[in-house]
Amino acid sequence: MSAPRILLLGKDGQVGWELQRSLAVLGDVVALGRATANLPGMDTALCGDLSDLDGLRRTVATLAPAAIVNAAAYTAVDRAETEVALAQRINAEAPAVLAQAAAACGAWLVHYSTDYVFDGSGDRPWREDDPANPLNTYGQTKLAGEDAIRASGCRHLILRTQWVYGVRGGNFARTMLRLARERDRLAVVDDQFGAPTGADLIADVTAHALRQVLATGHDGGTYHLAAAGTTTWHGYATQLIDAARRRWPHLPWRVQAIDPIPSSAYPTPARRPHNARLDTTRLQRTFGLHLPAWQKGVQRWVEALAAP
Ligand code: NDP
């Protein structure tokens with residue numbers, strides 16, 4: 001039996017990097033970043049640049065994969081407020097093209113979306129069917145991408161996640177550990193609620209879910225995927241810095257206090273939802289998975305760091 005071909009886009013991002021590992025056991029993974037790639041024995045150059053819509057169409061048609069996993073995205077939330085057209089191209093138009101191409105060749109499309117599709121009202125964890133109402137351009141473009149996939153008729157898994165950290169790329173966790181060595185006092189937002197979620201966890205869950213849908217003819221759909229529990233950016237920073245101090249007690253940590261502040265004291269170009277809690281019941285029940293507490297992943301991330 002030949003291994004199914006899986007096209008992975010965005011291979012060098014936080015989640016894409018981990019997917020290169022987790023998808024490897026499911027089939028023959030063709031992993032693309034932005035750069036054009038030439039595969040041995042293939043005449044057509046493969047395009048992984050999501051701004052090149054014709055290139056994406058051609059690439060999917062050439063590979064005719066069993067599944068496309070799209071981990072590429074425009075993720076600069078504040079910059080998206082001024083780079084609207086580019087964010088729209090990458091987060092909405094490219095997924096629409098991928099969905100049409102997937103429908104045409106019968107491939108599954110796995111795509112990631114965000115807690116920022118919600119407006120953050122209330123304090124109940126958001127369920128998949130709750131009305132979306134994004135507060136910022138990034139959230140609007142991600143929602144447009146979701147809608148295009150659902151409208152295309154392709155078989156799909158849309159996994160909404162949040163507060164992602166990984167071993168590659170910049171993220172909040174790295175910034176906090178740097179600032180803890182540079183500053184005596186930190187002020188961190190304490191009125192936005194969510195769960196820090198490891199790229200490794202997202203990639204592992206993706207592989208489990210994809211295996212199941214490929215094997216069973218499952219319907220797919222939209223699912224919330226986040227680590228268990230809830231914290232704020234302040235709670236997250238505190239746990240991270242404590243763990244790093246315990247791991248490297250001899251480093252010259254400068255920070256003496258981490259002050260909780262409201263979002264209003266830290267204005268950003270893009271508004272963020274206060275309540276970003278995601279209810280993951282549907283994902284856990286459908287795929288028989290257990291999502292670990294966010295603290296476990298953050299602790300492991302600190303232990304795996306070569307240096308802070
Ligand atoms: P990253 O920003 O780490 O990775 C995104 C990847 O997309 C990068 O490798 C980036 O390349 C690539 N990319 C950007 N533009 C293009 C393009 N035109 N063509 C090809 N590749 C491109 O994001 P994450 O891994 O954290 O995010 C994965 C998914 O999860 C995304 O869909 C994101 O929207 C979603 N998500 C992420 C959250 C987070 O906190 N990070 C929160 C909620 C959802 P380059 O580095 O060269 O720009």
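We count ligands from 1, going down the list as the structure has it; atoms in each ligand are counted the same way. As the structure is a computational prediction, the values presented were derived from the model and not from experiment.
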**Request:** Enumerate the residue pairs fulfilling side-chain hydrogen bond (donor to acceptor under 3.5 Å, both in side chains) with a member in residues 195-212, sequence neighbours excluded, ordered by first and then second residue.
**Result:** R21-D204, Y112-T206, D200-R300
**Prompt:** Which pairs, with at least one residue in residues 55-67 and sequence neighbours excluded, count as a side-chain hydrogen bond (donor to acceptor under 3.5 Å, both in side chains)?
**Reply:** D54-R57
**Prompt:** If we ignore angles and hydrogens, is there a donor and acceptor under 3.5 Å between the side chains of Q14 and E18?
**Reply:** no
**Request:** Pick out which of T114, T141, T137, T75 makes a side chain to side chain donor-acceptor pair (under 3.5 Å) with N91.
**Result:** T141
**Message:** I'd like to know if the side chain of D279 pairs up with that of H224 as donor and acceptor (distance under 3.5 Å, no hydrogens or angles considered).
**Reply:** no
**Fill in**
The remaining residues in the hydrophobic cluster of L135, counting side-chain heavy-atom contacts under 4.5 Å among Ile, Leu, Val, Met, Phe, Trp and Tyr, are none
Could you go through ligand 1 and list every pair where one of its N or O atoms sits under 3.5 Å from a protein N or O, giving the atom names and the distance to one decimal?
| unit_1 | atom_1 | unit_2 | atom_2 | d |
| --- | --- | --- | --- | --- |
| ligand 1 | 2 (O) | T75 | OG1 | 2.7 |
| ligand 1 | 3 (O) | Q14 | N | 2.9 |
| ligand 1 | 7 (O) | A73 | N | 3.2 |
| ligand 1 | 7 (O) | A73 | O | 3.4 |
| ligand 1 | 9 (O) | G13 | N | 3.2 |
| ligand 1 | 15 (N) | R34 | NH2 | 3.2 |
| ligand 1 | 18 (N) | D49 | OD1 | 3.1 |
| ligand 1 | 19 (N) | D49 | OD1 | 3.4 |
| ligand 1 | 19 (N) | L50 | N | 2.9 |
| ligand 1 | 25 (O) | Q14 | N | 3.2 |
| ligand 1 | 25 (O) | V15 | N | 2.9 |
| ligand 1 | 26 (O) | Q14 | NE2 | 3.0 |
| ligand 1 | 32 (O) | Y112 | O | 3.4 |
| ligand 1 | 32 (O) | K142 | NZ | 2.8 |
| ligand 1 | 34 (O) | Y138 | OH | 2.7 |
| ligand 1 | 34 (O) | K142 | NZ | 2.9 |
| ligand 1 | 40 (O) | V164 | N | 3.0 |
| ligand 1 | 47 (O) | R34 | NE | 2.9 |
| ligand 1 | 48 (O) | R34 | NH2 | 2.9 |

